[in-house]
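Each ligand, and each atom within it, is numbered from 1 in the order the structure gives. Excluded from the calculations below are hydrogen atoms, water molecules and symmetry mates; all remaining heavy atoms, backbone and side chain alike, are included. Note that the numbering runs from 1 along the sequence shown for the chain.
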Amino acid sequence: MQAVVQYGTGGPEVLKVEERPTPRRQTGEVLIRVEAIAVPFYETQLRSGLLPASSEPTVFGHEAAGIVIEADDETLHGRRVVTMSFTGGAYAEVVAASQYTLVPDGITPEQAVAAAVPASVALALMKTADIEAGESVLVEAASGAIGGYLVRLAERSGARVVTTAGNGSADIDHNDPDWRQQVPEGIHVIFESIGGPRAAELTAKLAPHGRILAYGMLSGEFPAFPVAGLIARGITLIGFGGPDAYGKRVAAARAEALDLVADGTLTPVIDRTYPLADVAAAHARVESRAGVGKVVLVP
Ligand SMILES: NC(=O)c1ccc[n+]([C@@H]2O[C@H](COP(=O)([O-])OP(=O)(O)OC[C@H]3O[C@@H](n4cnc5c(N)ncnc54)[C@H](OP(=O)(O)O)[C@@H]3O)[C@@H](O)[C@H]2O)c1
């Protein structure tokens with residue numbers, strides 16, 4: 001089968017398209033003929049070495065949708081599923097997966113990968129934030145996949161939402177280095193995904209007993225929040241990640257997130273699709289930040 005193998009870290013050229021043995025499934029796993037693969041932002045950071053990645057040449061990629069071609073349960077044969085792997089292997093024509101979610105009827109494979117992970121992250125973040133109607137919420141990088149779903153879900157919960165983006169589509173332009181000064185005061189919940197040392201400026205914008213959910217580092221740096229500022233204002237800082245958030249709460253939200261796509265509550269946005277052979281162009285597109293919506297590979 002055709003697959004994309006990562007050779008070390010660096011630019012998009014470290015991803016090579018190769019012929020690889022088709023994986024075999026273990027008992028309990030399904031074998032999936034892949035129809036669509038997501039290219040999320042964090043994968044560009046894994047590829048470049050900003051996030052820790054395998055030093056061995058391995059099939060790259062984490063988020064794929066496709067048709068089940070082998071399973072213990074024969075009723076799964078021919079069903080469309082979406083899978084999220086922590087150990088790679090998704091940039092391929094065939095994937096073996098132990099964890100998968102059935103894709104509701106009417107959702108295309110491209111829509112499934114554009115929604116499955118980011119919409120379930122957004123839903124799990126919303127459940128963790130426990131927002132009440134009338135609260136005000138700051139969504140950073142609302143032009144991104146998770147940010148876009150957060151805006152929709154927060155508005156649905158009756159919150160007043162303030163957004164940032166770099167493409168002119170939001171209330172505040174986060175490419176302005178002083179953008180945090182434009183955030184109105186009295187924010188109850190901040191969904192923090194940009195990070196960096198200046199994230200600390202947001203503490204002063206929170207209402208007393210506000211909460212920060214830190215879940216990303218789009219700037220390449222974790223956010224820095226001095227504890228003194230949090231104590232003085234009674235702020236709750238929640239780090240959202242790791243096995244508990246990602247492995248449990250996000251996975252638990254996946255089927256509900258896909259149902260919200262199926263019923264039209266959430267709308268996946270697709271920027272461009274690329275054939276698997278053009279994986280380098282797909283990564284360059286994500287890094288360029290030129291598009292809006294998910295970049296998708298089609299084997
Ligand atoms: N904690 C978890 O469980 C979890 C799970 C999945 C992902 N994440 C993290 O969540 C974040 C968002 O992921 P996503 O999949 O929604 O990404 P995405 O769809 O690729 O969107 C990223 C957006 O971030 C903006 N951006 C990129 N670089 C930036 C920078 N240096 N400063 C400010 N904004 C920047 C871009 O917006 P503009 O072009 O408009 O500037 C882009 O639209 C990532 O950091 C990812 O690693 C966390």
Side-chain angles (χ1 to χ4, degrees), residues 37-48 50-53 61-63 84-86 90 113-129 138-153 163-180 183 190-199 202 212-223 237-254 257 266-272 282-297:
I37 304 155
V39 184
F41 191 81
Y42 68 83
E43 287 187 343
T44 65
Q45 296 179 321
L46 281 169
R47 189 216 69 228
S48 71
L50 197 61
L51 293 175
H62 305 81
E63 306 172 19
M84 159 75 209
S85 156
F86 291 102
V113 288
V117 170
S120 55
V121 171
L123 195 55
L125 279 164
M126 282 294 296
K127 288 176 194 276
T128 307
L138 173 68
V139 177
E140 297 180 1
S143 47
I146 298 173
Y149 293 122
L150 278 173
V151 171
R152 179 77 183 98
L153 293 169
T163 55
T164 86
N167 61 4
S169 66
D171 302 314
I172 298 170
D173 176 1
H174 60 210
N175 288 331
D176 175 351
D178 295 324
W179 69 265
R180 293 174 182 87
V183 176
I190 296 177
F191 290 111
E192 216 294 316
S193 59
I194 294 177
R198 294 192 68 177
L202 291 169
I212 304 167
L213 288 91
Y215 72 96
M217 44 177 280
L218 288 163
S219 64
E221 292 181 278
F222 283 114
L237 172 63
I238 300 172
F240 186 94
D244 176 61
Y246 209 99
K248 292 184 189 160
R249 278 181 279 170
V250 173
R254 188 145 303 139
L266 298 179
T267 307
V269 180
I270 293 154
D271 173 26
R272 287 188 183 174
H283 268 239
R285 176 75 180 173
V286 173
E287 284 180 315
S288 75
R289 294 165 64 183
V292 173
K294 190 60 80 181
V295 169
V296 177
L297 291 168

[X] to ligand 1: N or O pair under 3.5 Å?
X    : result
A165 : no
N175 : no
A145 : yes
G216 : no
Y42  : no
R289 : yes
V117 : no

From H174, M217, M84, Q45 - option closest to atom 34 (N) of ligand 1 by heavy atom: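 Ranked by closest heavy atom to atom 34 (N) of ligand 1, first place is H174.
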Out of L218, T44, L213, who gets a non-hydrogen atom closest to atom 31 (N) of ligand 1?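 Considering heavy atoms of L218, T44, L213, the nearest to atom 31 (N) of ligand 1 sits in L218.
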Closest heavy-atom pair and its distance - [X], [Y]:
X    : Y    : value
E43  : E63  : OE2-N, 4.4 Å
N167 : S143 : ND2-CB, 3.6 Å
V113 : K294 : O-CE, 4.4 Å

Carefully, step by step, assess Y149 and L125 under the rule side-chain contact (heavy atoms from CB on, under 4.5 Å). CA-CA 11 Å; Y149 293 122; L125 279 164; over 6 Å; no
With a 4.5 Å cut-off on side-chain heavy atoms, are I146 and F191 touching?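 In short, these two side chains do not touch, never coming nearer than 4.5 Å.
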Can you sort out which atoms of ligand 1 are near [X], meaning under 4.0 Å from one of its heavy atoms?
X    : result
S219 : 31 (N)
S143 : 37 (O), 38 (P), 40 (O), 43 (O)
F240 : 1 (N), 2 (C), 3 (O)
I194 : 32 (N), 33 (C)
A141 : 24 (O)

Take atom OH in Y42; do more than 12 heavy atoms of anything else shown fall under 6.0 Å from it?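 Yes, the 6.0 Å shell around OH holds more than 12 heavy atoms from other groups.
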What do you reckon, does [X] put a non-hydrogen atom under 4.0 Å from ligand 1?
X    : result
P118 : no
V250 : no
V121 : yes

Evaluate T128 against I238 for side-chain contact (heavy atoms from CB on, under 4.5 Å), listing each step before the verdict. CA-CA 9 Å; T128 307; I238 300 172; 4.2 Å; yes
Among V183, D171, T163, which one satisfies side chain to side chain contact (heavy atoms under 4.5 Å, CB included) with L138?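 With L138 as partner, V183, D171, T163 yield a single side chain to side chain contact (heavy atoms under 4.5 Å, CB included), made by V183.
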Taking the side chain from E140 and the backbone from I194, do they hold a donor-acceptor pair closer than 3.5 Å?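 A pair under 3.5 Å: yes.
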Does the pair R198 and D178 meet the rule for a side-chain contact (heavy atoms from CB on, under 4.5 Å), with working shown? CA-CA 9 Å; R198 294 192 68 177; D178 295 324; 2.8 Å; yes
